[in-house]
Amino acid sequence: MRAATERVAGVDWVDQWRRLVTEREDASRGHSDPHYWDQRAPTFARSTSGRADQFVDVLAPYLSPRKTLIDVGAGAGRHAVPLAARLEWVTAVEPSEGMRAHIAPLDNITVVASAWEDAEVAPADLVICSHVLYGVADVVPFVEKMERSARERIFIMLREGAVPHPANDLRDRMAGGPLPRIPRFSDLFMLLIQLGIAPDVKFISYPVIKRYASFEEAVKDVQPMFGDGWDESGAREQLKEMLVRDGDELTYDSGLSVSGIAHWQPR
């Protein structure tokens, strides 16, 4: 097993990851704060519920009615709920109360109200983690716990590129420059190589459309991601111009998002 401190291509990817997370969190509130996700939960659930899910397609060859799965950072149940129909049992680990409220109650889903680092769960055949690691500064113990908890396979999905969110467009218009970037899939891949893990990789792409029940909901979603320099009157005016009405909802087309999925057998 390669030491976590050993550099790859001249870079300590563990240190690089920690720096990216810390710099982003210093500039804006977001991925590491469960209370932020409490607030975003309705928007998140509404925006992802109808999205075609290629992640489940990648999992499909490894699923069976006799297998179990842990969903690390299950959010509003976007993956846990449909996967429960194809598995014996799903354990959904989610620290945000707001997100947990959107997970449909099913007989074969256990919802654990905890961050992954603190969760006490039995091992499962499969362990998945979708779009969670962006705010995890101490990523090595997080991944190692996933390995200890998986009997057959681990799956981690992250974006390769900017966050598909209206706050980024609004910041470009008003603040004159982007926030420090979040970790990307390519950072994860190199970090795994540094840890001695050579994962299989699959890239997927899908359109991202944010959906809001009201303008005030959009403001509450965008402001924490905007970071320093928020101007209340100016930001509201610009945001109104960016949103498009679709029936009873306001929408923002974030374009095409590309994500990578790393998966491997636990060591």
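Keep in mind that the numbers below use all heavy atoms, side chains included, and drop hydrogens, waters and symmetry copies. Every value quoted in this text rests on a predicted model; they were computed, and no experiment measured them.
Using a 4.0 Å cut-off between charged nitrogen and carboxylate oxygen, E23 and R19 count as a salt-bridge pair. The residues R173 and D169 are annotated as salt-bridged, a charged nitrogen and a carboxylate oxygen being separated by less than 4.0 angstrom. Salt-bridge check for R181 with D187: passed, with a basic side-chain N closer than 4.0 Å to an acidic carboxylate O.
The backbone N or O of M190 sits nowhere less than 3.5 Å from a side-chain atom of Q194 that would complete a donor-acceptor pair. Checking side-chain atoms of Q54 against main-chain N and O of S205 turns up a donor-acceptor pair under 3.5 Å. Side chain of E147 to backbone of R267: a donor-acceptor contact under 3.5 angstrom is found. A distance-only check finds no donor-acceptor pair linking the side chain of R100 to the backbone of A113 [under 3.5 Å]. Judged by distance alone, with hydrogens and angles left aside, the side-chain atoms of R153 form no donor-acceptor pair with the main-chain N or O of L126 at under 3.5 Å. A donor-acceptor contact shorter than 3.5 Å links the side chain of W17 to the backbone of V136. Using modelled atom types, one side-chain atom of N108 and one backbone atom of L87 make a donor-acceptor pair closer than 3.5 Å. In this structure a side-chain-to-backbone donor-acceptor pair under 3.5 Å is missing from E249 to T251. Although no hydrogens or angles enter the test, the distance criterion places a donor-acceptor pair under 3.5 Å between the side chain of E94 and the main chain of G75.
W264 and L133 fall within the same hydrophobic cluster, defined by Ile, Leu, Val, Met, Phe, Trp and Tyr side-chain heavy atoms under 4.5 Å apart, directly or through other members. Grouping the Ile, Leu, Val, Met, Phe, Trp and Tyr side chains by contacts below 4.5 angstrom, directly or via other members, places W230 with F215. Cluster annotation: W89 and V121 are assigned to distinct hydrophobic clusters (Ile/Leu/Val/Met/Phe/Trp/Tyr, side-chain heavy-atom contacts under 4.5 Å, transitive).
For the atom pair S214 OG and D248 CG, the distance stands at 11.5 Å (nearest 0.5 Å). Rounded to the nearest 0.5 angstrom, L250 CG and K210 NZ are separated by 15.0 Å. The distance from atom CD of Q265 to atom OH of Y62, rounded to the nearest 0.5 Å, is 8.5 Å.
Geometric assessment of R159 against the ring of Y134 yields a positive cation-pi assignment under the 6.0 Å and 45° thresholds.
Of the N and O atoms on the side chains of S259 and E160, not one donor lies less than 3.5 Å from an acceptor on the other residue. Side-chain contact, T68 with R151: a donor N or O sits under 3.5 Å from an acceptor N or O.
Residues H165 and D221 have side chains in contact (heavy-atom distance under 4.5 Å, counting atoms from C-beta outward).
Shown here are the ring pair (Phe, Tyr, Trp, His ring centres under 6.0 Å) partners of F55, two or more places apart in sequence or in another chain: H79. Residues forming a ring pair (Phe, Tyr, Trp, His ring centres under 6.0 Å) with F203 (at least two apart in sequence, or on another chain): F185.
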